[in-house]
Amino acid sequence: MHIAHLLASSMGGIRAAGDLVARMQLSKKMRITEAKEYVADKLHVTPLDLSDPTLMRQLREELDIGVITGVPGIAKGMAAKVRIAELLDIQINCVEQFKKKTGLVTGPKSAGN
Amino acid sequence: MKILTRMGDSSNVELTKEELRTEFEQGSEYAAKKAKVPVLTENEVDYLVDMFAAPTRIWGCQRGNEVVMTKDGCVNALNSSRMSSGVVAPVNREVGVRLFESMLGFDSMEISHNDYSVKPQRFLKALEMLHVELLMETTIFPLLYGFMPNLGLYYRPDGSFENPSDLLPIGKIDEARQTQEEAGKACLDDCIEMSDCMLEMGADGIDFDTVASTGDAEFYRVLQACDHVANDTGLPVEIGMSAEMVLGFHGQLEYNGKRLAGMWPHQQLQICEEAGCAIFGPVSNTNTKKTVPWNLGKALTFVKACTEIAKIPVHPNVGMGVGGVPMFETPAVDVVTRCSAAMIEIGHADGL
């Protein structure tokens, strides 16, 4: 059933720019049109381009924000999210926690439980 | 000419074009009458009739109209049993989440335990925190942490509080209300504890799923939890409902002066917005004795009423047995893809 929805309606996550648009919906409560326009503006593309895996695959590699296939040396995981936060000009919680843990910014480290 | 489609239990049914149109209209009229919202327009019904009359196996939204997916139940579809439509694949959460990101191309994901309710998850708090923390290191897409509040687990025989289902039939209404309020407080404490601890683990948000499954008392406590998480911790909150109408098991609870019992999706949306919710997931429950077109007409009418007034993204639930999708453990792609695309093209959903 998940695959049916993905085929019919999904932007495709990190295949394209779905993860970026999802971040704008979560962090800024943007409706879909506004979220797409915001991300498209930051990436200097059109909203239509955001769902195009062909264009976005190349662009993601250029911007080094993580790609869907396994390519040595391209940003993955936390490194990709650090770059995404800068690109979109948003705060990503795990990036902020990472910076605190590694001392890259001052602030209380995670106390844990 | 007969058009092959399905019933709400996923069995096949053949309809003429006129019968197909009538199904959409009657489903929409049912929802409109219940929730006091507008029916689908003639153009919208025309689109739906054309969609279902087309002989293609799958359908999709128009290119450029794609939306983002949020997920509940973590990787239960992979490693759980039939209860979650799972295939008992030998994958753990770390592997499963990575597969959802890279192999399936999901836009976001939720981390949760296989035993998806907050009450059992609270005893595994450290384990849950560790899984969130570890996955934050290796994934790129947004990751939420989620659970069902599932107030029912706090009542006897599963929990320690008296069960209102035992009290109401014997006329103990005040006692039934009181136990719901007391159990709800315990549920609220657990929801807050499991949400707060995920802030330091780096979670991108919290997902409260199947909200109001036990009625207005559960909805009340989830709204309070949402208010705390959204406003005190800053974590985004997604609220996914469990039913199209909030059951008034308590009947007198209010949030911000609005009675919760009897709320329909567009009213649920507004109260969730007031509580600080970031994404709202309305539900329309599938009637297995009606056709998928009837159920989809109903679902779209509810969803449209939400998206027309929403200030936050609306992600209608389109899983098994909701959003027009048949109540069957493996719903067929011919109807799932149609329901999915219809939610975008007609319902104007911001996600699914």
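The chains referred to below are lettered A, B, ... by the order of the sequence lines, with proteins before strands, and numbering in each begins at 1.
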K.L.:
With a 4.5 angstrom heavy-atom cut-off, which part of A:Lys36 approaches chain B: side chain, backbone, both or neither?
P.N.:
side chain

K.L.:
Should A:Met11 and B:Val67 be marked as a side-chain contact (heavy atoms from CB on, under 4.5 Å) after you check the CA-CA gap, both sets of side-chain angles, and the distance that decides it?
P.N.:
CA-CA 6 Å; A:Met11 288 188 72; B:Val67 296; 5.7 Å; no

K.L.:
What part of A:Ala22 gets closer than 4.5 Å to chain B, counting heavy atoms only: side chain, backbone, both or neither?
P.N.:
both

K.L.:
Tell me, out of B:Glu101, B:Gln62, B:Glu238, who's got the most heavy-atom pairs with chain A below 4.5 Å.
P.N.:
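Of B:Glu101, B:Gln62, B:Glu238, B:Glu101 has the most heavy-atom pairs under 4.5 Å with chain A.
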
K.L.:
Measure distances from B:Lys71 to the heavy atoms of chain A and classify the residue's part below 4.5 Å as side chain, backbone, both or neither.
P.N.:
side chain

K.L.:
With distance as the sole test, does A:Lys81 use its side chain to make a donor-acceptor pair with the main-chain N or O of B:Thr139 at under 3.5 Å?
P.N.:
yes

K.L.:
For chain B, which of A:Glu34, A:Glu96, A:Met1, A:Arg15 has the most heavy-atom pairs under 4.5 Å?
P.N.:
A:Met1

K.L.:
Can you tell me how far the CZ atom of A:Arg23 sits from the OG atom of B:Ser108, to the nearest 0.5 Å?
P.N.:
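With rounding to 0.5 Å, CZ (A:Arg23) is 9.5 Å from OG (B:Ser108).
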
K.L.:
To the closest 0.5 Å, what do you measure between CG (A:Leu7) and CH2 (B:Trp59)?
P.N.:
15.0 Å

K.L.:
For B:Arg63, is it the side chain, the backbone, both or neither that has a heavy atom under 4.5 Å from a heavy atom of chain A?
P.N.:
both

K.L.:
Where does B:Ala310 contact chain A at under 4.5 Å (heavy atoms): side chain, backbone, both or neither?
P.N.:
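Answer is both: backbone and side chain atoms of B:Ala310 are under 4.5 Å from chain A.
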
K.L.:
Would you check if the side chain of A:Gln25 reaches a backbone N or O of B:Asp350 as a donor-acceptor pair within less than 3.5 Å?
P.N.:
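Yes, the answer is positive, given that a donor and an acceptor are paired below the 3.5 Å cut-off.
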
K.L.:
Quick check on B:Leu352 against chain A: is it the side chain, the backbone, both or neither that has a heavy atom closer than 4.5 Å?
P.N.:
side chain

K.L.:
So what's closer than 4.5 Å to chain A heavy atoms on B:Val318: side chain, backbone, both or neither?
P.N.:
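Its backbone and side chain both get close to chain A.
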
K.L.:
Which bit of B:His315 comes within less than 4.5 Å of chain A, counting heavy atoms only: side chain, backbone, both or neither?
P.N.:
side chain

K.L.:
Name the region of A:Leu50, side chain, backbone, both or neither, that has any atom closer than 4.5 Å to a heavy atom of chain B.
P.N.:
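Contact with chain B: none, neither part.
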
K.L.:
Please flag which part of B:Thr330 lies under 4.5 Å from any non-hydrogen atom of chain A: side chain, backbone, both or neither.
P.N.:
neither

K.L.:
Could you grab the distance from atom OG of A:Ser9 to atom CD of B:Glu345, nearest 0.5 Å is fine?
P.N.:
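So the gap between those two atoms works out to 8.5 Å.
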
K.L.:
Measuring from atom CG of B:Leu143 to atom SG of A:Cys94, what distance do you get when rounded to the nearest 0.5 angstrom?
P.N.:
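Result: 8.0 Å between the selected atoms.
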
K.L.:
Need one label for B:Met109: side chain, backbone, both or neither, based on atoms under 4.5 Å from any heavy atom in chain A.
P.N.:
neither

K.L.:
Nearest 0.5 Å please: distance from the CG atom of A:Asp19 over to the CG atom of B:Asp107.
P.N.:
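If we round to the nearest 0.5 Å, A:Asp19:CG and B:Asp107:CG are 7.5 Å apart.
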
K.L.:
Non-hydrogen atoms of chain A under 4.5 Å away: do they reach the side chain of B:Ile140, the backbone, both or neither?
P.N.:
both

K.L.:
Under 4.5 Å from any heavy atom of chain A, what part of B:Cys339 do you find: side chain, backbone, both or neither?
P.N.:
neither

K.L.:
If you count the non-hydrogen atoms of other residues, nucleotides and ligands that lie under 6.0 Å from CZ in B:Arg98, is the total more than 12?
P.N.:
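Check fails, neighbour count at 12 or below.
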
K.L.:
For A:Leu26, which atoms come within 4.5 Å of any heavy atom of chain B: side chain, backbone, both, or neither?
P.N.:
both

K.L.:
Take B:Glu133 and A:Lys101 through the test salt bridge (Lys or Arg N to Asp or Glu O under 4.0 Å) and record every step on the way to the result.
P.N.:
CA-CA 12 Å; B:Glu133 192 174 21; A:Lys101 281 196 180 75; 3.7 Å; yes

K.L.:
Measuring from B:Met136:CE to A:Phe98:CZ, what's the distance to the nearest 0.5 Å?
P.N.:
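The distance works out to 14.0 Å.
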
K.L.:
Test of understanding: with ring-ring contact (aromatic ring centres under 6.0 Å, His included), list the residues that count as partners of B:Phe52, not counting sequence neighbours.
P.N.:
B:Phe24

K.L.:
State, to 0.1 Å, how close A:Arg31 and B:Ile312 come at their nearest heavy-atom pair, and which atoms those are.
P.N.:
CD-O, 3.2 Å

K.L.:
Counting heavy-atom pairs under 4.5 Å to chain A, which of B:Gly64, B:Gly234, B:Ser340, B:Ala349 comes out on top?
P.N.:
B:Ser340

K.L.:
Select one option (side chain, backbone, both, neither) describing which atoms of B:Thr70 are under 4.5 Å from chain A's heavy atoms.
P.N.:
neither

K.L.:
Which one wins on heavy-atom pair count under 4.5 Å against chain B: A:Ile14, A:Ile3, A:Leu48, A:Val21?
P.N.:
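Looking at each option in turn, the highest pair count goes to A:Ile14.
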
K.L.:
With a 4.5 Å cut-off on heavy-atom pairs, point out which of B:Pro142, B:Ala341, B:Gly351, B:Pro236 contacts chain A the most.
P.N.:
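Sorted descending by pairs with chain A, the first entry is B:Pro142.
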
K.L.:
Specify which of A:Lys76, A:Met30, A:His2, A:Lys28 makes the most heavy-atom pairs with chain B at under 4.5 Å.
P.N.:
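Highest number of heavy-atom pairs under 4.5 Å: A:His2.
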
K.L.:
What part of B:Leu104 is in contact with chain A, defined as an atom under 4.5 angstrom from a non-hydrogen atom: side chain, backbone, both or neither?
P.N.:
both

